[in-house]
K.L.:
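Let me give you the structure first, and then I'll get to my questions.
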Amino acid sequence: MNQQHEIEAVINTWNKSLDAGDIEAMVSTCHADVVTVNERQAVTIGTQAIRDKYIPRIEAADITSGYDIEDLQFFGDVAVVSGRFYGTLKMRDTGEIREPAGRLVLVYQRDAEGAWKMVLDIDNNGPA
């Protein structure tokens, strides 16, 4: 598998795990000290912050998610991915359908075992 396919696979693991409500599979794609910079939220660091952010979302909604890679650059053992995210959330308590979408930059780094792990997640919501 080439590097691009490896990055696509790790992003797909994140999305499929989010859709299935499997927080530990999501976290498995992240570096222990992953930095998350989401629009209108404080910067967070670490996999526990990923759990703290996504468990309430998983509990509140049925989720489908997707991502289109627009650019992928490799710098040795670092990959920088930019593109668009989109999805649907069907709120369990109201049945309301929400459709989050926006731009996203992800940075991955190979770990000691050669696996790509997310080290940075930056997003902004709204029209792209």
Side-chain angles (χ1 to χ4, degrees):
M1 182 180 321
N2 69 31
Q3 289 187 107
Q4 179 171 342
H5 291 131
E6 291 172 350
I7 294 296
E8 290 168 350
V10 75
I11 293 171
N12 288 336
T13 297
W14 171 277
N15 284 336
K16 289 177 184 178
S17 301
L18 174 59
D19 297 353
D22 187 347
I23 191 69
E24 292 309 314
M26 291 171 62
V27 168
S28 76
T29 69
C30 300
H31 184 279
D33 295 320
V34 60
V35 176
T36 307
V37 184
N38 297 132
E39 187 174 37
R40 295 184 295 274
Q41 297 177 29
V43 172
T44 62
I45 299 173
T47 53
Q48 186 58 49
I50 297 290
R51 289 181 187 94
D52 294 344
K53 179 189 301 188
Y54 283 95
I55 287 173
R57 294 178 189 183
I58 289 168
E59 291 174 348
D62 293 318
I63 301 171
T64 59
S65 55
Y67 183 76
D68 295 326
I69 294 174
E70 294 180 334
D71 188 57
L72 174 57
Q73 300 288 322
F74 291 94
F75 304 92
D77 285 342
V78 173
V80 178
V81 186
S82 58
R84 303 172 192 278
F85 71 90
Y86 47 87
T88 59
L89 289 88
K90 182 177 181 184
M91 305 311 294
R92 291 193 174 109
D93 60 348
T94 65
E96 173 191 5
I97 303 292
R98 298 180 186 170
E99 296 182 330
R103 311 276 309 163
L104 186 64
V105 173
L106 304 173
V107 178
Y108 290 88
Q109 184 176 30
R110 282 197 190 272
D111 67 10
E113 290 77 41
W116 291 104
K117 299 293 182 173
M118 183 175 19
V119 295
L120 178 63
D121 172 352
I122 304 172
D123 74 23
N124 63 7
N125 297 298

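For reference, positions follow the sequence shown, starting with 1. Worth knowing before you read on, the calculation uses all heavy atoms, side chains too, and leaves out hydrogens, waters and symmetry mates. Here the structure is a predicted model, which means the values were calculated and not measured.
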K.L.:
Does the side chain of Ile69 come within less than 4.5 Å of Glu8's, by heavy atoms?
P.N.:
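The answer is yes, as the side chains (C-beta and beyond) meet within the 4.5 Å cut-off.
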
K.L.:
Start with the C-alpha gap between Phe74 and Ile7, add the side-chain angles, then the distance that decides, and say whether side chain to side chain contact (heavy atoms under 4.5 Å, CB included) holds.
P.N.:
CA-CA 10 Å; Phe74 291 94; Ile7 294 296; 3.9 Å; yes

K.L.:
Can you name the nearest heavy-atom pair linking Glu39 to Asp123, along with the distance?
P.N.:
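Heavy atoms of Glu39 and Asp123 come nearest at N-OD1, 3.2 Å.
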
K.L.:
May I ask you to decide if Ser65's main-chain N or O and Lys16's side chain share a donor-acceptor pair within less than 3.5 Å?
P.N.:
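No.
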
K.L.:
Taking all non-hydrogen atoms of both residues, which atom of Ala25 and which atom of Thr13 are closest, and how far apart?
P.N.:
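Minimum heavy-atom separation between Ala25 and Thr13: O-CG2, 4.3 Å.
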
K.L.:
Indicate the atoms forming the closest heavy-atom contact of His31 with Asp33, along with that distance.
P.N.:
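For His31 versus Asp33, the nearest heavy atoms are ND1-N, 2.9 Å.
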
K.L.:
Test of understanding: with ring-ring contact (aromatic ring centres under 6.0 Å, His included), list the residues that count as partners of Tyr67, not counting sequence neighbours.
P.N.:
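Partners of Tyr67 by the ring-ring contact (aromatic ring centres under 6.0 Å, His included) criterion come out as none, since no residue qualifies.
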
K.L.:
Please check if any side-chain donor atom of Thr36 sits under 3.5 Å from a side-chain acceptor atom of Asp121, or the reverse.
P.N.:
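There is no such pair between these side chains.
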
K.L.:
What is the distance from atom OG1 of Thr47 to atom CE of Met26, rounded to the nearest 0.5 Å?
P.N.:
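Going from OG1 on Thr47 over to CE on Met26, the span is 11.5 Å.
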
K.L.:
So which heavy atom on Tyr108 is nearest to which on Met118, and how close?
P.N.:
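Shortest heavy-atom contact: CD2-N, 3.3 Å.
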
K.L.:
Of all heavy-atom pairs between Arg103 and Phe85, which one has the smallest distance, and what is that distance?
P.N.:
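Heavy-atom minimum between the residues: O-CE2, 3.5 Å.
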
K.L.:
Considering the options Ile50, Thr29, Val27, which one meets the side chain to side chain contact (heavy atoms under 4.5 Å, CB included) requirement together with Val34?
P.N.:
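When side chain to side chain contact (heavy atoms under 4.5 Å, CB included) is applied between Val34 and each of Ile50, Thr29, Val27, only Ile50 qualifies.
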
K.L.:
Assigning hydrophobic clusters by single linkage (Ile, Leu, Val, Met, Phe, Trp, Tyr; side-chain heavy-atom cutoff under 4.5 Å), is Ile63 placed with Met91?
P.N.:
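Yes; tracing contacts between hydrophobic side chains, which count when under 4.5 Å, links both residues.
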
K.L.:
For Ile45, which fellow cluster members are found when Ile, Leu, Val, Met, Phe, Trp and Tyr are connected by side-chain heavy-atom distances below 4.5 angstrom, either directly or through intermediates?
P.N.:
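Members other than Ile45 - counting any ILVMFWY side chain reachable under 4.5 Å - are Val35, Val37, Val43, Phe75, Val78, Val80, Val105, Val107, Val119, Leu120, Ile122.
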
K.L.:
Taking all heavy atoms of Trp116 and all of Asp77, pick out the closest pair and write down the distance.
P.N.:
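That would be CZ3-O, 3.3 Å.
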
K.L.:
Whether the side chain of Asn125 engages the backbone of Gly102 through a donor-acceptor N/O pair (distance < 3.5 Å, no angle test) should be reported.
P.N.:
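No, the answer is negative, given that no donor and acceptor are paired below the 3.5 Å cut-off.
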
K.L.:
For Tyr86, what are the other residues in its hydrophobic cluster, where any two members join if their side-chain heavy atoms are less than 4.5 angstrom apart?
P.N.:
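Hydrophobic cluster check, Tyr86: no partners found.
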
K.L.:
Using 0.5 Å steps for rounding, measure from the CD atom of Gln48 to the CD1 atom of Ile55.
P.N.:
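So the CD of Gln48 and the CD1 of Ile55 are separated by 7.0 Å.
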
K.L.:
Rounded to the nearest 0.5 Å, what separation is found between the CG atom of Leu89 and the OG1 atom of Thr64?
P.N.:
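Result: 7.5 Å between the selected atoms.
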
K.L.:
So Val10 and Glu6, do their side chains get closer than 4.5 Å, heavy atoms only?
P.N.:
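Side-chain contact under 4.5 Å: no.
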
K.L.:
Is there a donor-acceptor pair under 3.5 Å between the side chain of Asp68 and the backbone N or O of Gly83?
P.N.:
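Not at all, since once roles are kept as given, no pair shorter than 3.5 Å links the two residues.
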
K.L.:
Under the 3.5 angstrom rule, does the side chain of Asp62 hit a backbone N or O of Arg92 as a donor-acceptor pair?
P.N.:
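Judged by distance alone, no pair lies under 3.5 Å.
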
